[in-house]
Amino acid sequence: GSNNPSEDYLEIWEFDVDWATPGNSTFTKAQDIAISEFDSDLCGYFSFNCFPQLGTAVTLDPLREVVMWRLQYRNSGTHETLVGNMVTDVNGNDQGGIRWFELRKSGASWTVYQEGTHAPDSNSRWLGSIAMDGVGNMALGYSVSSPSMYPGIRYTGRQSSDPLGTMVGEYTIINGGGYSSSNRWGDYSSMNVDPVDDCTFWYTMEYPNANNNWDTQIASFAFDSCTNPVSWDNQIFVTQSTDYGTSWNAPTQITNNTDEQYHPRIAAAIGNDSVVVAYTRDWVSTGDTDVMYYYSTDGGATWNGENSL
């Protein structure tokens, strides 16, 4: 928690690597992002295990005060996205739930686009991993346990069209076959999106088997709404650098017809301020192909209409 009575914060740090002179590399705090209060005081401050499990008095480590796995990054062209999660005490009595969040940046700073806590019943959920597919759907996988349940693996998710801050449903990947004889738990929970179709989620996680030993489970699934994800071939964005690539201006989208597929070919600078972007345009409905171009006379700040060669 923080000293603010109504907010906690995520810290954003930026790592700038100088490969030529590593000693010039920097790691600096960029901003604090206010989020809703969460309670990381699970098991007290001097104990590292309190989540119960069936069949034993051994309790499990909640891995508190840590943002889980890595924040998944995506760039849609119009904005950048980071999604992440951590465990929180949802009732003040050491019941774990998953606090998840989506950050967005379309200008200079990151902001909270949405956040929520997944805790649909009295079981503890923790050690989460979250990712977003090519059309903005999200999946969140995690451990689940209680005094009446061996530790198992479940997941939830949301489509991009669902109300902000909500996860919908819960699904079992595998029920635990036994208990963990050690209170040491996790560190290994990974939700990833298949780069081939940008739709299929792959999730790997641990659970105890019937011999009370750890096993690893791998699962895959996808949302029906991601049968035709956004393709970079269907969009062309133009950006500009005036300092030989050290920094770049915000990208500008110059194509947006959903009945077309665009295939960038060249981008050329002519003089100081004129820029030409040429590409082929394939009409999905007719099968026709045209060679098109846009040009800008102010260094890419504004663009004229689409032209055909």
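By convention here, the first residue in the shown sequence is residue 1. Computed from a predicted structure; not experimentally measured.
Ion pair R125/E170 flagged as a salt bridge, since at least one NZ, NE, NH1 or NH2 atom sits closer than 4.0 Å to an Asp/Glu carboxylate oxygen. Salt-bridge check for R99 with D8: failed, with every basic side-chain N at 4.0 Å or more from each acidic carboxylate O.
Atom-to-atom distance recorded for D89:CG and C50:SG is 8.0 Å, nearest 0.5 angstrom. To the nearest 0.5 Å, the span separating CE on M149 from OG on S122 amounts to 8.0 Å. One finds the CG atom of D194 at 9.5 Å from the SG atom of C199 (value rounded to the nearest 0.5 Å).
Aromatic ring centroids of Y113 and H79 lie 6.0 Å or more apart.
Counting all heavy atoms, side chain and backbone alike, S225 lies closest to V135 at O-CG2, 4.3 Å. Taking both residues in full, the closest heavy atoms of P208 and G178 are given as CG-O, 3.0 Å, listed atom of the first, atom of the second, then distance. For the pair D121 and R154, the tightest heavy-atom approach, listed with the atom from each and the gap, is OD2-NH1, 4.5 Å. Q72 and I130 make their closest contact through CB-O, 4.2 Å (heavy atoms, listed as atom of the first residue, atom of the second, distance). The two residues W100 and Q114 have their closest heavy-atom pair at CH2-OE1, 3.4 Å. Of all heavy-atom pairs spanning R64 and S40, the tightest one is CD-O, 2.9 Å.
When T117, T156, I98 are each tested for a side-chain contact (heavy atoms from CB on, under 4.5 Å) with M167, only one passes: T156.
Linking Ile, Leu, Val, Met, Phe, Trp and Tyr residues whenever their side-chain heavy atoms come within less than 4.5 Å leaves F15 and L82 in two separate clusters. Under the 4.5 Å side-chain heavy-atom criterion for Ile, Leu, Val, Met, Phe, Trp and Tyr, M132 and W202 are members of distinct hydrophobic clusters.
Residue Y150 is found in a hydrophobic cluster whose other members, listed by chain and number, are L54, Y179; membership requires side-chain heavy atoms under 4.5 Å apart, directly or through intermediates. When hydrophobic residues (I, L, V, M, F, W, Y) are linked wherever their side-chain heavy atoms come within less than 4.5 Å, the members clustered with F51 are L42, L60, L63, V66, M68, V87, W126, L127, I153, Y155, Y171, I173, I174, W185, M191, V193, F201, Y203, M205, Y207, W214, F221, F223.
Within the 4.5 Å cutoff, the side chain of K105 has no heavy atoms near those of the I12 side chain. Counting only heavy atoms from C-beta outward, the side chains of F101 and M86 approach each other to under 4.5 Å. Inter-residue side-chain proximity for I33 and T111 is flagged as unmet; no heavy-atom pair is nearer than 4.5 Å. T88 places a side-chain heavy atom less than 4.5 Å from the side chain of V90. Counting heavy atoms from C-beta on, the side chains of Y9 and E7 come closer than 4.5 Å. A 4.5 Å side-chain heavy-atom check between P62 and S124 finds every atom pair outside the cut-off. Side chains of L103 and L10 form a contact here, defined as non-hydrogen atoms less than 4.5 Å apart. Proximity of S189 to Y142: side-chain heavy atoms (C-beta onward) are nowhere separated by under 4.5 Å.
For D41, there are no salt bridge (Lys or Arg N to Asp or Glu O under 4.0 Å) partners at least two apart in sequence or on another chain.
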